[in-house]
Amino acid sequence: MTDPRPDDAAIETAMLRLVAERGADKTVCPSEVARALGGPHPDGWGPLMQPVRRVAVRLAHAGRIAILRKGKPVDPDDFRGIYRLSLPASDAAPSGSGPGSQSGV
């Protein structure tokens, strides 16, 4: 019997689609990615949580998504607990913010 779980390519496709659909300054819960592939029952999506995390780390290293904790980007190799996924900062950052911007002028 074959394993019905989606492969990393299917997880990547779903993850990138959900993050793009959500748009800049919005986040996606990793469980949303798992549910999109495994269905609403925990027996379907629960086993996908570790593969989702693994794909998220790979995509964060590639600069294709950002992994956030408490609203701030984290090191993909060193984060624990609850996290969210979003577009990378370069795709989502508003113009005129950050170092070198003229504030209060």
Side-chain angles (χ1 to χ4, degrees):
M1 189 172 194
T2 61
D3 186 0
R5 287 191 287 181
D7 62 9
D8 285 0
I11 294 169
E12 177 179 325
T13 299
M15 186 177 296
L16 292 172
R17 177 180 52 81
L18 287 169
V19 169
E21 285 174 358
R22 194 65 46 97
D25 298 325
K26 303 286 186 198
T27 62
V28 172
C29 181
S31 68
E32 291 178 68
V33 178
R35 283 182 176 96
L37 297 164
H41 195 277
D43 288 347
W45 64 264
L48 296 175
M49 292 303 292
Q50 280 304 315
V52 164
R53 182 183 175 104
R54 184 178 61 245
V55 170
V57 167
R58 183 171 48 78
L59 291 176
H61 278 295
R64 299 182 69 192
I65 66 162
I67 299 173
L68 307 175
R69 231 176 103 59
K70 298 183 180 179
K72 299 190 182 338
V74 297
D75 177 352
D77 293 324
D78 186 29
F79 70 98
R80 295 175 186 255
I82 297 169
Y83 65 100
R84 305 277 298 178
L85 307 170
S86 73
L87 292 172
S90 61
D91 291 348
S95 62
S97 66
S101 65
Q102 297 291 325
S103 59
V105 178

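Keep in mind it's a predicted model, so treat the numbers as computed, not measured. Reckoned from all heavy atoms, side chains included, excluding hydrogens, waters and symmetry mates.
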Which heavy atom of Ala60 sits nearest a heavy atom of Pro76, and at what distance? CB-CG, 3.7 Å

Membership question, hydrophobic clusters at under 4.5 Å side-chain separation (ILVMFWY): are Val57 and Leu68 in the same one? no

Just verifying a value: how many Å separate Leu16 CG and Ile11 CD1, rounded to the nearest 0.5 Å? 12.0 Å

Is the side chain of Arg69 donor-acceptor paired with the backbone N or O of Arg80 at a distance under 3.5 Å, no angle test? yes

Rounded to the nearest 0.5 Å, what's the gap from OH on Tyr83 to OG1 on Thr27? Could you check? 12.5 Å

Only one of Met15, Met49, Glu12 passes side chain to side chain contact (heavy atoms under 4.5 Å, CB included) with Val33; say which it is. Met15

Distance col, row Ile65:CD1 vs Leu85:CG, nearest 0.5 angstrom, shows 4.5 Å

With heavy-atom distances below 4.5 Å as the criterion, would you say the side chains of His61 and Asp77 are in contact? yes

Please list all pairs passing the side chain to side chain donor-acceptor pair (under 3.5 Å) test where one or both residues lie in residues 30-50, with sequence neighbours left out. Arg22-Glu32, Ser31-Arg35

What one should report as the nearest heavy-atom pair of Gly63 and Pro88 is O-CG, 3.1 Å

With side chain to side chain contact (heavy atoms under 4.5 Å, CB included) as the test, pick out the partner of Pro6 among Leu48, Thr13, Val52. Leu48

Atom CG in Asp78, atom CD1 in Ile67: separation rounded to 0.5 Å? 11.5 Å

